[in-house]
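In what follows, a structure is listed as structure tokens, so that the remarks can point back to it.
Since we're looking at a predicted model, the values are computed, not measured.
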Amino acid sequence: MAVSLLSHELSDLCLGKPALRSLSITSTIAEALEVLKTSDDNFVSIWNCDDDECCSRCVGKVCIVDVICYLCKDENLVSPSIALKQPVSILLPKIPGLIIHVEPSCSLLEAIDLILEGAQNLVVPIKTKVFNNKRSKQQQKPFCWLTQEDIIRFLLSSIGLFSPISSFSIDTLNIISPNTLTIEYHSPASAAIGAISRALVEQTSVAVVDSERTLIGEISPFTLACCDETVAAALKTLSSMDLMAYIDCGGPPEELVKVVSAKLKEKNMNGMLQHFTVSMSCGGFSSSSSSDEEYSSSSMAVQVSPFPRPGRISRSMSYSARMVRRSEAIVCHPKSSLVAVMIQAIAHRVNYVWVIEEDCSLVGIVTFSDMLKVVRESFETMA
């Protein structure tokens, strides 16, 4: 069984994966935004296109959160319409190796090593049948990409092979990282913009805590990615606690929408105010029955729960059926087993799980990368 697992190629993991939606690096941010709003994926791949198909390569990826953080710059809030006309290339992080092209024959071990070296997405050609050994010049070779989640999900199908390590606690395995991105709940959400950008790159999140490091909730790129670009206005005007209520499922409370509008007007950010007003009137978020009373109770409640309530936020009409989670943090405890934490992260479609004590004080975070390090080390004894 162990030999069989190690012999798997990435083509085995690509079965059923959809082809990437791609965008040229010369496209504008507005064009990328339009693709994202009509896509089932949180990211759109950016390509350095060439007339020669063999020379075209994926050079990065962009999601709504990139656009939100970009629009949070004061000059862009003043005139978002001009900001969105800029090339999408300015959103790409200047970090080499986040996107790696690999062949379908790449082994599972090689893929894990690439991820541990910093790769987030492995771009793999999709095997297709070619009739008469000819391919139309207009027909580009389709690609898919594999993520850390795909690798972890695949490994879970053979988790018994990693016994007894899989049953060890994350504390025993020493994979709890104390290095977390945090912000206090009463602090302006704008103070977390840099941390949100970093969390997006690191595929983690920003913990919202009190003065004693009690975990209250989170501002997660995974949640922000299911909103629209006008959340930039809320990020610049609300507190961290209010922002959590704003991006929670069901749409922003009407009271908070009024607060954002008033503060945009106060700061003479008329361009974003107009953009924000149009978005709200067109249903930028799905309709909500949130009342002022509901807002008050939700903004004061401690939002730590390992089982978040399901909800929906739509970026467009076609997005209304998308399932997203609330700003409640996904948590475990130091004595939780490796397999339990893996399953928990997969179930909630996140790349990390917060670690807390019984009193909800924040201990640290466990990421897919941390889990893969343990799995990779165990491979040494299986080979």
Side-chain angles (χ1 to χ4, degrees), residues 18-53 55-96 98-99 101 120-121 123 138 140 142-145 190 193-194 196-198 200-201 221-222 224-236 247 264 269-285 313-319 322:
L20 288 177
R21 293 193 67 174
S22 60
L23 202 63
S24 169
I25 198 169
T26 59
S27 302
T28 65
I29 297 174
E31 290 171 328
L33 195 56
E34 183 61 30
V35 172
L36 286 165
K37 287 182 176 181
T38 57
S39 173
D40 289 331
D41 197 344
N42 282 339
F43 291 89
V44 59
S45 59
I46 307 300
W47 291 71
N48 188 1
C49 301
D50 195 285
D51 291 335
D52 184 353
E53 177 188 327
C55 296
S56 297
R57 296 187 68 81
C58 179
V59 295
K61 60 179 181 177
V62 168
C63 76
I64 288 282
V65 187
D66 292 301
V67 181
I68 291 172
C69 292
Y70 168 73
L71 288 178
C72 280
K73 296 179 180 179
D74 289 340
E75 63 270 25
N76 295 335
L77 284 170
V78 171
S79 184
S81 58
I82 294 177
L84 293 175
K85 292 178 182 177
Q86 297 301 308
V88 71
S89 58
I90 67 176
L91 298 182
L92 300 180
K94 305 298 187 290
I95 302 174
L98 294 180
I99 307 291
H101 279 254
Q120 289 185 357
N121 296 75
V123 180
Q138 287 74 35
Q140 294 185 346
F143 291 85
C144 68
W145 60 23
S190 58
I193 293 173
I196 292 170
S197 295
R198 180 178 166 187
L200 178 62
V201 172
F222 292 85
L224 289 172
C226 298
C227 303
D228 72 11
E229 73 280 6
T230 59
V231 169
L235 251 174
K236 291 290 288 186
I247 64 177
L264 287 175
M269 295 179 176
N270 297 323
M272 177 52 81
L273 176 59
Q274 181 179 6
H275 195 70
F276 179 79
T277 302
V278 170
S279 177
M280 290 298 106
S281 63
C282 293
F285 290 84
I313 297 177
S314 73
R315 292 199 297 248
S316 67
M317 292 302 291
S318 63
Y319 234 81
R322 188 183 182 94

Donor-acceptor under 3.5 Å ([X] side chain, [Y] main chain):
{"X": "Asp66", "Y": "Cys63", "answer": "yes"}
{"X": "Ser79", "Y": "Glu75", "answer": "no"}
{"X": "His275", "Y": "Ser81", "answer": "no"}
{"X": "Thr277", "Y": "Leu273", "answer": "yes"}

Look up atom [atom1] in [X] and atom [atom2] in [Y], then write down how far apart they are to the nearest 0.5 Å.
{"X": "Arg57", "Y": "Ser45", "atom1": "CZ", "atom2": "OG", "result": "13.0 Å"}
{"X": "Ser89", "Y": "Ile29", "atom1": "OG", "atom2": "CD1", "result": "8.0 Å"}
{"X": "Leu92", "Y": "Ile25", "atom1": "CG", "atom2": "CD1", "result": "5.5 Å"}
{"X": "Trp145", "Y": "Cys58", "atom1": "CH2", "atom2": "SG", "result": "5.5 Å"}
{"X": "Leu33", "Y": "Lys37", "atom1": "CG", "atom2": "NZ", "result": "4.5 Å"}
{"X": "Cys226", "Y": "Ile247", "atom1": "SG", "atom2": "CD1", "result": "10.0 Å"}

Under a 4.5 Å cut-off applied to non-hydrogen side-chain atoms, are [X] and [Y] in contact?
{"X": "Asn42", "Y": "Ile64", "answer": "no"}
{"X": "Leu20", "Y": "Trp47", "answer": "yes"}
{"X": "Lys236", "Y": "Leu71", "answer": "no"}
{"X": "Asp228", "Y": "Ile68", "answer": "no"}
{"X": "Ile193", "Y": "Arg198", "answer": "no"}
{"X": "Arg21", "Y": "Phe43", "answer": "no"}
{"X": "Leu98", "Y": "Asn121", "answer": "no"}
{"X": "Pro87", "Y": "Ile90", "answer": "yes"}

Return the set of residues passing side chain to side chain contact (heavy atoms under 4.5 Å, CB included) with Thr28 (not counting sequence neighbours), or none when no residue passes.
Ala30, Glu31
Derivation and outcome, side-chain contact (heavy atoms from CB on, under 4.5 Å), residues Tyr70 and Glu229
CA-CA 10 Å; Tyr70 168 73; Glu229 73 280 6; over 6 Å; no
Neighbour count above 12 (heavy atom, 6.0 Å) for Gln86 CD
yes
Residue from Val59, Thr26, Leu91 passing side chain to side chain contact (heavy atoms under 4.5 Å, CB included) with Ile46
Val59
Of Val78, Leu77, Asn76, the residue whose pairing with Met272 passes side chain to side chain contact (heavy atoms under 4.5 Å, CB included)
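Output: one option passes, namely Leu77.
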Shortest non-hydrogen separation from Val44 to Ser22 and the atoms involved
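Scanning both residues, the minimum pair turns out to be CG2-C, 4.4 Å.
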At their closest point, which heavy atom of Ala32 faces which heavy atom of Leu23, and how far apart are they?
CA-CD2, 3.3 Å
Derivation of the side-chain contact (heavy atoms from CB on, under 4.5 Å) call for Phe276 and Met269:
CA-CA 10 Å; Phe276 179 79; Met269 295 179 176; over 6 Å; no
